[in-house]
Each structure stands twice: as structure tokens, then as C-alpha cells.
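Lettering of chains follows the sequences in order, A, B, ..., and the numbering in each one begins at 1.
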2 protein chains.
Amino acid sequence: MTGTTPPAAPTSVELMDQLAQAAAAYYRSFATVAAARGLTLMQGKMLSLLRRPVPMRTLAELLACDASNVTGIVDRLEGHGLVRREADPADRRIKRVTLTEEGERTVREIRAELLTTLGGLDDLGDRDRRTLQRVLGRLFPAGTD
Amino acid sequence: MTGTTPPAAPTSVELMDQLAQAAAAYYRSFATVAAARGLTLMQGKMLSLLRRPVPMRTLAELLACDASNVTGIVDRLEGHGLVRREADPADRRIKRVTLTEEGERTVREIRAELLTTLGGLDDLGDRDRRTLQRVLGRLFPAGTD
DNA sequence: AGGAATTACTTGAGGTCATCAACTATCGAG
DNA sequence: CTCGATAGTTGATGACCTCAAGTAATTCCT
């Protein structure tokens, strides 16, 4: 007993459970924020991918789902007037999904409200920020499956 | 220029995006692990809540969904032979959902495989473990909505 | 150049998830 | 003992998700 280790460092299993809890809470917040605008989680997720026009195929890859699934989600977003399909002049097979002005506004609102919900973020110090970024980046490298 | 701050600390917005990426990657891994056993994400999630018999109502609260939704998911898990409904002798309205032996085995396998997928966890040092636990606990307090 | 393989997207079928409204059965309080 | 609340189910409806099949446009290949 050294007397200097008040809380033991959490085990990998405990961290895994905490990650599960965090992921669930994150998506619950996201779904709530999206629902406040009449959108589902997936619709909100797709919207937030559209910082620039994106081909349907690319969306399917980003969301790790079937292309036919994207068709339906874009249909519904288009029905809400948040998104537009525009032809790619260079390759007429491709349809690029683009935000309408209302879509851009909605994305900004969703992101702003989500940031508010994750209020704790602003309270983090530089050291914690760096650690969080580094650890998450290592645990979930881009393109994890 | 002090010359001693190579990477600037990430902003709250950057951290939010990283959390989004991490949450998505976590669930993709979970879904893949569950699918390897013929289960969906929600079925796997519910299974992993059953460390002990749990009333349907409680499951609905834990998953933050309607009670009628739980009925269907438990139906399917029961169909797979992973779960059993047993009556609560003290209150005959209540049905407690219990893992079968095969269900317990499946939960163990899922958790073990998920831990393998999150291989980076084992490489974390004590300091990072503590930081991760503290920060996630602060960002996503139990019962966040 | 011209036919074959590839790629982008859509459609339709079938299953899971999710919520709501209505219903049954049981419990608990007055 | 009746009334109100609670636990669970059912049925309707819509979103998500995958697969198989189909159309249109592009690219490859000889």
C-alpha cells in the first residue's frame, strides 16, 4: 500500500462499458435534437454529412449501408425540402445530393444545439482535450469495422 | 511564438465531430459482432443488459423506448432461444426477462469479441484510462437525454 | 469502333425497429 | 369493492435496412 492511488485506473472492460454508455447517450441526444425538427436520427446524420454536394454512392459508403437505403432517406429529406438531387455533368449516372438553404440552416441548428447538449465540452482543459482526441482517434481509427 | 505548442488543443466543435465518429464506429463494431451471431444491434444491446432477470418495463426505460417495442424484441430473442420470460411471483403483471444458458454464452462471446475489436483499449496507460473515464462520465452523465 | 463488364441509382419484397392507441390483466388505495 | 394506476400485448403505420433485380450511363478491351 503506497497510500497514493486513491481510485484504481479503470479496466479495459470498464472502459468498454463506459464507451457503450457514452455512445448510447450521444445518439439519444442526437435523435432528440433531430426530432425537434421532425427528423429521424438517420436523416439528421445524413444531413450533417452534406457540407458539400455528395454522390449517393459516397453517402452509402460513409453511412456503411446499402445504396438502396440512401435512396429512401434522400427521398424523405427531399420531401422535407432540405435536400436536392442534382446531376453530375461529368457523369450522368451520378446524382449529387445538395443541401437547400433550409437544409443548411437546419444543419447549423442541429450542430449548435448538439454542442449545447454536450455542454461539458467547453469546460474541458487543453490537456483533457488533447487526450480525448488522441485516445478516441486511436480506439476508433477512420474506417473501423 | 513560444515554440513549444506543436498541436493546438482541439476545439469543442472538433471534439464533437470526433465523438460522432467514435460513436458511429462503436456501433458499427457492435452491429458486426452481433450480426456474426445472427442478431441485430438492438437484440445484442438488450442481451447485454440481462446480467440478471429484468422486467420488461425496466428494459423499456433502459433502452429509452416504448414498452411495446420491447415485446417484439424479446419475442425475437425468445425465438432464438437466448431468453426466457418468467413470471414474477410477487406481482403477476410483471414478466422478468432472463438469459438462457445459450443466451449467457452469447453475451460472453459478444463482449469478448467487442473487447478484441476495441484492441486499443489494452494499450492505454493508467493516466489515459482515468482521463477517459472522467471525461466521458462528465460529458454523458447517467440518464442524459 | 463495338460489345462486355462495371458502376450509379432505383424499385420491390421482406424483416426489424419505433411510436401510438386501444385492450387485458393485475395491483393498490380509498 | 370499486377506481385508478401499472405491466404487458396487439395492431396500425412509418422509417430503416438488406437483398435481388432492373435501367441507364460509363469504361474496358480486343
Side-chain angles (χ1 to χ4, degrees), chain A residues 23-24 27-49 53-80 82-98 145, chain B residues 24 27-28 30-32 34-50 53-80 82-98 145:
Chain A
Y27 274 128
R28 243 176 312 167
S29 295
F30 197 115
T32 300
V33 169
R37 283 148 189 84
L39 300 177
T40 66
L41 176 64
M42 282 313 293
Q43 290 165 6
K45 242 169 126 175
M46 182 169 291
L47 269 196
S48 59
L49 290 176
V54 180
M56 310 272 293
R57 193 79 194 66
T58 308
L59 287 174
E61 282 158 14
L62 291 174
L63 295 174
C65 72
D66 194 88
S68 65
N69 198 9
V70 174
T71 297
I73 298 175
V74 171
D75 280 350
R76 288 181 283 270
L77 285 176
E78 212 170 17
H80 285 272
L82 301 175
V83 128
R84 209 172 33 234
R85 282 167 163 100
E86 51 182 40
D88 182 333
D91 184 339
R92 292 194 323 227
R93 291 172 301 179
I94 295 177
K95 291 178 188 169
R96 292 181 308 185
V97 183
T98 308
D145 233 336
Chain B
Y27 275 128
R28 242 176 307 156
F30 198 115
T32 300
R37 283 149 190 85
L39 300 177
T40 67
L41 176 64
M42 282 313 294
Q43 289 166 6
K45 242 170 128 175
M46 181 169 291
L47 269 196
S48 59
L49 291 176
L50 299 175
V54 180
M56 310 274 293
R57 195 79 195 63
T58 307
L59 287 174
E61 283 156 13
L62 291 173
L63 295 175
C65 72
D66 194 88
S68 64
N69 199 7
V70 174
T71 298
I73 299 175
V74 171
D75 280 350
R76 289 180 282 271
L77 285 176
E78 211 170 18
H80 285 272
L82 301 174
V83 127
R84 210 172 31 234
R85 282 167 162 100
E86 51 182 39
D88 182 333
D91 184 342
R92 291 195 323 229
R93 290 173 301 179
I94 295 177
K95 291 178 187 170
R96 292 181 310 186
V97 182
T98 309
D145 232 336

**Request:** Provide, to the nearest angstrom, the distance between the CD1 atom belonging to B/Ile94 and the P atom belonging to D/dA5.
**Result:** 18 Å
**Prompt:** Should B/Met46 and B/Thr40 be marked as a side chain to side chain contact (heavy atoms under 4.5 Å, CB included) after you check the CA-CA gap, both sets of side-chain angles, and the distance that decides it?
**Reply:** CA-CA 10 Å; B/Met46 181 169 291; B/Thr40 67; over 6 Å; no
**Prompt:** Are any non-hydrogen side-chain atoms of B/Ile94 and B/Arg57 less than 4.5 angstrom apart?
**Reply:** no
**Asked** Counting any heavy atom closer than 4.0 Å, what does A/Arg96 reach on the DNA or RNA strands: base, sugar-phosphate only, or nothing?
**Response** nothing
**Request:** Please state how far atom CZ in B/Arg92 lies from atom P in D/dT9, giving the value in whole angstrom units.
**Result:** 16 Å
**Item:** Heavy-atom side-chain contact between A/Leu39 and A/Leu82 under 4.5 Å
**Value:** yes
**Item:** Members of residues 67-78 of chain B that approach DNA chain C, where some heavy atom sits under 4.0 Å away
**Value:** B/Ser68, B/Asn69, B/Ile73, B/Arg76
Between protein and nucleotides 28-30 of chain C, what N or O pairs are separated by less than 3.5 Å?
none

**Request:** Let me know the distance between CZ of A/Arg57 and C1' of C/dT10, rounded to the nearest Å.
**Result:** 13 Å
**Item:** Side-chain touch A/His80/A/Arg37, heavy atoms, less than 4.5 angstrom
**Value:** no
**Fill in**
When rounded to whole Å, the CG to C1' distance for the pair B/Leu63 and C/dT16 reads 14 Å
**Prompt:** A/Lys95 side chain N/O closer than 4.0 Å to the phosphate oxygens (OP1, OP2) of C/dT10?
**Reply:** yes
**N/O (side chain, B/Arg85) to phosphate O (OP1/OP2, D/dT9) under 4.0 Å** = yes
**Message:** Both A/Cys65 and A/Pro89 contact DNA chain D. Which one's nearest nucleotide lies toward the 5' end?
**Reply:** A/Cys65
**Message:** Closer than 4.0 angstrom, basic N to acidic O: yes or no for B/Arg96 and B/Asp91?
**Reply:** no
**Message:** Output the rounded distance in Å from CD (B/Glu61) to C1' (D/dA7).
**Reply:** 11 Å
**Request:** Please report the C-alpha distance between A/Thr71 and A/Arg85 in whole Å, then the side-chain angles of each, then the deciding distance to 0.1 Å, and finally whether the side chain to side chain contact (heavy atoms under 4.5 Å, CB included) criterion is met.
**Result:** CA-CA 10 Å; A/Thr71 297; A/Arg85 282 167 163 100; 3.9 Å; yes
**Asked** Does some side-chain heavy atom of B/Leu49 sit less than 4.5 Å from a side-chain heavy atom of B/Leu63?
**Response** yes
**Request:** May I ask you to test the B/Ile73-B/Leu59 pair for a side-chain heavy-atom distance under 4.5 Å?
**Result:** no
**Request:** Round to the nearest Å and state the distance from A/Phe30 atom CZ to D/dC16 atom P.
**Result:** 12 Å
**Asked** What are the two closest heavy atoms between B/Tyr27 and B/Lys45, and how far apart are they?
**Response** OH-NZ, 3.3 Å
**Prompt:** What integer distance in Å separates A/Leu39:CG from C/dA18:P?
**Reply:** 17 Å
**Message:** On the nucleotide C/dC17, are OP1 or OP2 found under 4.0 Å from the side-chain N or O atoms that B/Thr40 carries?
**Reply:** yes
**Asked** In whole Å, what is the span from the CG atom of A/Asp66 to the P atom of C/dG12?
**Response** 16 Å
